[in-house]
Participant: 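Quick one: the structure is below, questions incoming.
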Amino acid sequence: MRLIITAILQCLLLTGGQVFLKFALERMGQFSWSLHFFTSQLTNWWWLGCGICYGAATVLWMYIVKNFPFSMAYPMLSLSYVFGMLAAIVFFHETVPLTRWAGVALIMIGCVLVAMKE
């Protein structure tokens with residue numbers, strides 16, 4: 001149970017990083033190899049949120065890998081697909097077809113099976 005809770009938190013941080021990344025890229029403007037472009041990115045605070053989420057997720061991942069069997073820990077990363085789909089609905093107002101919901105259900109079932117003790 002501790003692995004599942006820790007993995008959920010880690011996957012939420014990964015998903016948060018992806019959401020911040022998408023927001024940052026949407027506000028980035030047209031890319032160019034100019035000093036003005038790169039300095040303008042310093043005021044795009046979505047990059048900061050992205051970095052904080054990824055940094056925290058990485059530290060938590062190190063904790064997970066150190067304290068749990070890798071064969072159980074690594075499949076738990078797939079929970080980020082579930083949270084990513086939910087984020088697509090909430091933050092980006094995307095429509096998700098039934099087939100993707102079925103795929104998410106299979107991912108969740110797989111995570112429970114992986115986390116179960118023999």
Side-chain angles (χ1 to χ4, degrees):
M1 189 59 146
R2 194 174 67 161
L3 171 60
I4 291 175
I5 292 169
T6 311
I8 286 172
L9 180 57
Q10 196 264 348
C11 288
L12 284 171
L13 287 167
L14 280 178
T15 303
Q18 290 292 324
V19 169
F20 280 125
L21 177 64
K22 183 157 176 73
F23 282 140
L25 292 171
E26 286 176 350
R27 285 152 183 80
M28 185 170 77
Q30 185 65 34
F31 179 82
S32 70
W33 287 104
S34 68
L35 181 61
H36 172 64
F37 171 78
F38 288 103
T39 56
S40 72
Q41 296 311 300
L42 296 175
T43 59
N44 185 343
W45 295 107
W46 296 105
W47 291 118
L48 179 63
C50 178
I52 289 170
C53 283
Y54 282 142
T58 300
V59 170
L60 195 52
W61 178 243
M62 290 188 292
Y63 169 81
I64 291 170
V65 170
K66 180 176 177 9
N67 293 293
F68 297 99
F70 195 71
S71 63
M72 288 175 66
Y74 199 77
M76 292 298 134
L77 287 176
S78 61
L79 289 172
S80 62
Y81 294 121
V82 177
F83 297 129
M85 194 168 77
L86 293 173
I89 294 167
V90 171
F91 296 108
F92 306 112
H93 311 290
E94 295 180 14
T95 303
V96 179
L98 186 59
T99 53
R100 285 192 207 139
W101 284 114
V104 163
L106 291 172
I107 289 171
M108 290 169 49
I109 290 167
C111 286
V112 169
L113 292 174
V114 166
M116 291 175 60
K117 301 245 186 222
E118 293 182 11

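Fair warning: this is a prediction, and the values are worked out from it, not measured in the lab.
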Participant: For the residue pair Leu13 and Cys53, what are the closest heavy atoms and their distance?
Facilitator: O-CB, 3.3 Å
Participant: Should the ring pair Phe31 and Phe38 be called parallel, tilted or perpendicular, given that the plane angle runs from 0 to 90° and is split at 30 and 60?
Facilitator: perpendicular
Participant: Does Leu14 reach the side chain of Trp61, with side-chain heavy atoms less than 4.5 Å apart?
Facilitator: no
Participant: Distance check, rounded to the nearest 0.5 Å: Leu106 atom CG versus Leu113 atom CG?
Facilitator: 10.5 Å
Participant: Looking at Tyr74, I'd like to know if its OH atom is crowded, meaning that more than 12 non-hydrogen atoms belonging to other residues, nucleotides or ligands lie closer than 6.0 Å.
Facilitator: no
Participant: Once rounded to the nearest 0.5 Å, what's the spacing between atom CD1 of Ile8 and atom CG of Leu60?
Facilitator: 11.5 Å
Participant: Hydrophobic cluster membership, with links at side-chain heavy-atom distances under 4.5 Å among I/L/V/M/F/W/Y: are Leu21 and Val90 in one?
Facilitator: no
Participant: Test of understanding: clusters of I, L, V, M, F, W, Y form through side-chain heavy atoms closer than 4.5 Å, transitively. Do Phe91 and Met85 belong to the same one?
Facilitator: no
Participant: Please round to the nearest 0.5 Å and tell me the distance separating atom CZ of Arg27 and atom CH2 of Trp45.
Facilitator: 15.0 Å
Participant: Is there a continuous path of hydrophobic side-chain contacts, each under 4.5 Å between heavy atoms, that joins Ile107 to Val96?
Facilitator: yes
Participant: Closest approach of Ala87 and Thr15, non-hydrogen atoms and distance?
Facilitator: CB-CG2, 3.9 Å
Participant: Assigning hydrophobic clusters by single linkage (Ile, Leu, Val, Met, Phe, Trp, Tyr; side-chain heavy-atom cutoff under 4.5 Å), is Trp33 placed with Leu35?
Facilitator: no
Participant: Same cluster for Met62 and Leu9 if Ile/Leu/Val/Met/Phe/Trp/Tyr side chains link at under 4.5 Å?
Facilitator: no
Participant: What heavy-atom pair brings Phe68 and Arg2 nearest, and what distance separates the two atoms?
Facilitator: CZ-NE, 3.5 Å
Participant: With a cut-off of 6.0 Å (strictly less than), are more than 12 heavy atoms of other residues, nucleotides or ligands near OH of Tyr54?
Facilitator: yes
Participant: Would you please classify the geometry between the Phe92 ring and the Phe23 ring as parallel, tilted or perpendicular, with 30° and 60° separating the classes?
Facilitator: tilted
Participant: Locate the shortest heavy-atom distance separating Cys11 from Leu79; write the atom from each residue and the value.
Facilitator: SG-CB, 3.7 Å
Participant: Please work out which of the three classes, parallel, tilted or perpendicular, describes the rings of Trp46 and Phe20, given edges at 30° and 60°.
Facilitator: tilted
Participant: Taking the side chain as every heavy atom from C-beta outward, state whether Phe83 and Gln18 have any pair of such atoms under 4.5 Å apart.
Facilitator: no
Participant: Keeping the roles fixed (side chain from Gln41, backbone from Met28), state whether a donor-acceptor pair exists under 3.5 Å.
Facilitator: yes
Participant: Side-chain contact, heavy-atom cut-off 4.5 Å: Val104 with Arg100?
Facilitator: no
Participant: With rounding to the nearest 0.5 Å, note down the distance linking CD in Glu94 to CG in Leu86.
Facilitator: 11.5 Å
Participant: Please name the pair of heavy atoms, one in Met72 and one in Met76, separated by the smallest distance, quoted to 0.1 Å.
Facilitator: O-CG, 3.4 Å
